[in-house]
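Here the structure comes first, spelled out in structure tokens, and everything after it is commentary.
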Amino acid sequence: MEKISDPQLIAALSQNSTLYNQWYREGEIKYGNLPAQAIAKWMVEVVEPIVKAAFDENSAPEKVHEVVKALYLESLKLIGSGLAIRYREEYKAAWLLLVQMPNLIVKFPTKVLALLNDVLLNLQLHAPEKSIAWCDLMKSSSVEIKTIEDFKTVGRIYAWKCGLAHLRIRLKTDYEALAESLQQTVVDTIGLSKNSKLLFETPWADTSTQFQGVQGGFKGTTGFFEHPPKLAQLDQHLLVTDTKNSYALFADQFGKVLLPATTVAPSYILSNSKQFEILKTWLEKYKEEIDPSTISSVVVTKDTLAFTLENSYFLYLFSHSNE
């Protein structure tokens with residue numbers, strides 16, 4: 001800790017050294033040997049600038065202590081679990097967003113850290129290559145983010161932009177609750193080219209019949225399915241099973257996500273999966289690539305067509321117009 005130069009952080013750690021040492025020992029009991037060098041580097045590069053910004057926002061000693069406590073405990077958890085080592089740059093970029101929004105770390109130190117970590121965990125699960133992109137989007141809008149609700153809403157919108165397609169269904173309502181200036185910031189940051197409310201309602205930028213990629217894959221190679229999957233529809237939801245597990249499929253122009261559907265039995269999906277002869281006309285222009293006779297199940301919603309193939313572990317997705 002000798003490399004720390006911020007007097008407020010030094011004071012908070014030294015004045016409560018017994019408490020911090022106790023938390024450190026508890027961390028070692030829970031996680032095993034904590035890498036002291038990694039903790040020291042994290043404290044200097046990440047925690048210290050956040051504490052400086054928080055002190056400039058509110059210099060009350062009790063507030064500084066509250067902020068340092070939250071940062072320290074969460075740092076031990078992230079480093080002890082290995083998350084802040086394996087995904088160091090991602091967590092560093094996410095935490096340093098709080099330098100741009102010190103009011104949030106002062107008012108909600110534990111909550112805002114939990115929100116950041118929740119977003120990163122979801123991105124790591126569904127779109128791991130987009131974590132830094134999400135941080136960049138949030139940073140570009142930080143001046144307009146005034147409240148914890150702003151932070152949650154804008155964070156969700158940008159997480160959707162980075163591939164979390166399952167978030168889209170609630171974003172229109174979220175977006176409408178934002179202040180006008182923040183709405184405009186979001187529109188400008190994402191680069192929306194059409195009515196923003198319509199964008200949240202429509203999954204595909206181009207609603208003509210067009211191949212939109214695949215999702216799924218064999219479980220043994222970082223995919224989802226142990227056996228070739230089949231699809232079924234429940235209202236406007238796309239469900240899929242490999243006979244062992246059930247999932248809900250969410251897909252749009254920014255990403256594709258499969259979430260466990262634990263309340264839906266695989267047998268329900270299998271008994272409701274369908275094959276449509278009319279699908280042959282939909283895929284007329286793809287007949288050289290796809291033999292319609294190999295299609296094992298298909299779902300057609302108002303804007304999305306999805307099907308599975310015999311002996312394939314993937315779901316094939318098309319956008320289409322309902323007109």
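W160 and I169 are members of different hydrophobic clusters when ILVMFWY side chains are connected at heavy-atom separations under 4.5 Å. Put simply, Y268 and L249 are part of two different groups of oily side chains (I, L, V, M, F, W, Y) that touch within less than 4.5 Å, one to the next. Hydrophobic clustering of Ile, Leu, Val, Met, Phe, Trp and Tyr side chains at less than 4.5 Å, counting indirect connections, unites L97 with M43. Note on L13: it clusters hydrophobically with Y24, by side-chain heavy-atom contacts below 4.5 Å among ILVMFWY residues. No single ILVMFWY cluster, assembled from side-chain heavy atoms under 4.5 Å apart, contains both L317 and V257.
In this structure the side chain of T301 reaches within 4.5 angstrom of the side chain of D303, judged on heavy atoms. The side-chain heavy atoms of W42 and V47, taken from C-beta on, include a pair separated by under 4.5 Å. Residues L164 and N122 form a side-chain contact, since some pair of their non-hydrogen atoms from C-beta on lies under 4.5 Å apart. Between I145 and M138, the closest side-chain pair of non-hydrogen atoms falls below 4.5 Å. At least one side-chain heavy atom of W204 sits less than 4.5 Å from a side-chain heavy atom of T304. A heavy-atom distance below 4.5 Å is found between the side chains of H320 and V300. Using a 4.5 Å heavy-atom threshold, the side chains of L9 and V68 count as touching. Put simply, the side chain of N245 does not reach to within 4.5 Å of the side chain of P266, judged on heavy atoms.
Side-chain contact annotation: T185 with E144, donor-acceptor N/O pair under 3.5 Å absent. A donor and an acceptor atom, one from each side chain of S5 and E48, are located under 3.5 Å apart. Under the 3.5 Å distance criterion, with hydrogens and angles disregarded, no donor-acceptor pair is assigned to the side chains of N272 and Q233. Checked by atom type, the side-chain pair S141/Y158 shows a donor-acceptor distance below 3.5 Å. In this model, a donor atom of one side chain and an acceptor atom of the other lie less than 3.5 Å apart for Q22 and E26.
Between the OG atom in S297 and the CG atom in L239 there is a gap of 11.5 Å [rounded to 0.5 Å]. A distance of 9.0 Å separates OG in S81 from CG in N117, rounded to the nearest 0.5 Å. Taken to the nearest 0.5 Å, the CG atom of L116 stands 13.0 Å off from the NZ atom of K111. Expressed to the nearest 0.5 Å, how far CG of L98 lies from CD1 of I105 amounts to 5.0 Å. Put simply, CD on Q100 and CD1 on I50 are 11.0 Å apart, with the number rounded to the nearest 0.5 Å. For the atom pair NZ (K130) and SG (C162), the distance works out to 6.0 Å, reported to the nearest 0.5 Å.
Heavy atoms only, all atoms of each residue included: E90 and C135 are closest at O-SG, 4.1 Å. A pairwise comparison of heavy atoms in L96 and V46 identifies CD2-O, 3.8 Å as the closest pair. Pairing each heavy atom of E74 with each of L113, the nearest pair is CB-CD1, 4.1 Å. In plain terms, the two heavy atoms of P229 and S296 that are nearest each other are O-OG, 4.1 Å. Between A54 and V106, the shortest heavy-atom contact is O-CG2, 3.7 Å. When every heavy atom of A53 is checked against every heavy atom of P102, the shortest pair comes out as O-CB, 3.5 Å.
A ring-centre distance under 6.0 Å is found for Y175 and F200. Ring to ring, F225 and Y313 are not that close: their centroids are 6.0 angstrom or more apart.
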Could you walk me through whether D6 and K52 pass the salt bridge (charged side-chain N to carboxylate O under 4.0 Å, His left out) test, one step at a time? CA-CA 7 Å; D6 179 59; K52 284 181 181 178; 5.3 Å; no

Evaluation steps, side-chain contact (heavy atoms from CB on, under 4.5 Å), between W95 and L71: CA-CA 9 Å; W95 277 39; L71 291 168; 3.7 Å; yes

Can you check side-chain contact (heavy atoms from CB on, under 4.5 Å) on K161 and W134, steps first, answer last? CA-CA 8 Å; K161 173 66 168 64; W134 180 84; over 6 Å; no

Stepwise side-chain hydrogen bond (donor to acceptor under 3.5 Å, both in side chains) check, S319 with Q210: CA-CA 5 Å; S319 59; Q210 190 172 129; 5.3 Å; no

Please assess R88 against E45 for the test salt bridge (charged side-chain N to carboxylate O under 4.0 Å, His left out), listing each intermediate value before the final yes or no. CA-CA 11 Å; R88 188 177 187 280; E45 295 183 3; 2.7 Å; yes

Test L76 against Y31 for side-chain contact (heavy atoms from CB on, under 4.5 Å), laying out the working first. CA-CA 9 Å; L76 292 182; Y31 299 108; 5.5 Å; no

Show, in sequence, the C-alpha distance, side-chain angles and deciding distance for L73 and W23, and conclude whether the side-chain contact (heavy atoms from CB on, under 4.5 Å) test is met. CA-CA 7 Å; L73 288 175; W23 289 331; 3.5 Å; yes

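The side-chain contact (heavy atoms from CB on, under 4.5 Å) with T189 is formed by just one residue from the set I157, L137, V154; it is L137.
No salt bridge links R25 with E28; every basic N to acidic carboxylate O contact stays at or beyond 4.0 Å. A salt bridge links D174 with R170; the closest basic N to acidic carboxylate O contact falls under 4.0 Å. A salt bridge links K63 with E66: the distance from a Lys NZ or Arg NE/NH1/NH2 to an Asp or Glu carboxylate oxygen falls below 4.0 Å.
Judged by distance alone, the side chain of D118 and the main-chain N or O of L121 form no donor-acceptor pair under 3.5 Å. Between the side chain of Q215 and the backbone N or O of L315, no donor-acceptor pair lies under 3.5 Å. A donor-acceptor pair under 3.5 Å links the side-chain atoms of K146 to the main chain of V143, judged by distance alone. The backbone N or O of L309 sits nowhere less than 3.5 Å from a side-chain atom of S312 that would complete a donor-acceptor pair. Put simply, the side chain of S271 gets close to the backbone of S267: a donor and an acceptor are under 3.5 Å apart. Proximity of a side-chain donor or acceptor of H237 to a complementary backbone N or O of F250 within less than 3.5 Å is not detected. Under the 3.5 Å distance criterion, the side-chain polar atoms of D242 are left unmatched by any main-chain donor or acceptor of P228.
Remark: K30 NZ is loosely packed, at most 12 non-hydrogen atoms of other residues, nucleotides or ligands lying under 6.0 Å away. The 12-atom threshold is not exceeded at CD of Q37, counting heavy atoms of other residues, nucleotides or ligands nearer than 6.0 Å. Within 6.0 Å of atom NZ in K152, more than 12 heavy atoms from other residues, nucleotides or ligands are found, so the atom counts as buried in its surroundings. More than 12 heavy-atom neighbours from other residues, nucleotides or ligands sit within 6.0 angstrom of CD on E129. The number of heavy atoms from other shown groups lying within 6.0 Å of NZ (K92) is above 12.
Between Y316 and F314, the ring planes lie perpendicular to each other; the angle is over 60°, past the 30° to 60° tilted range.
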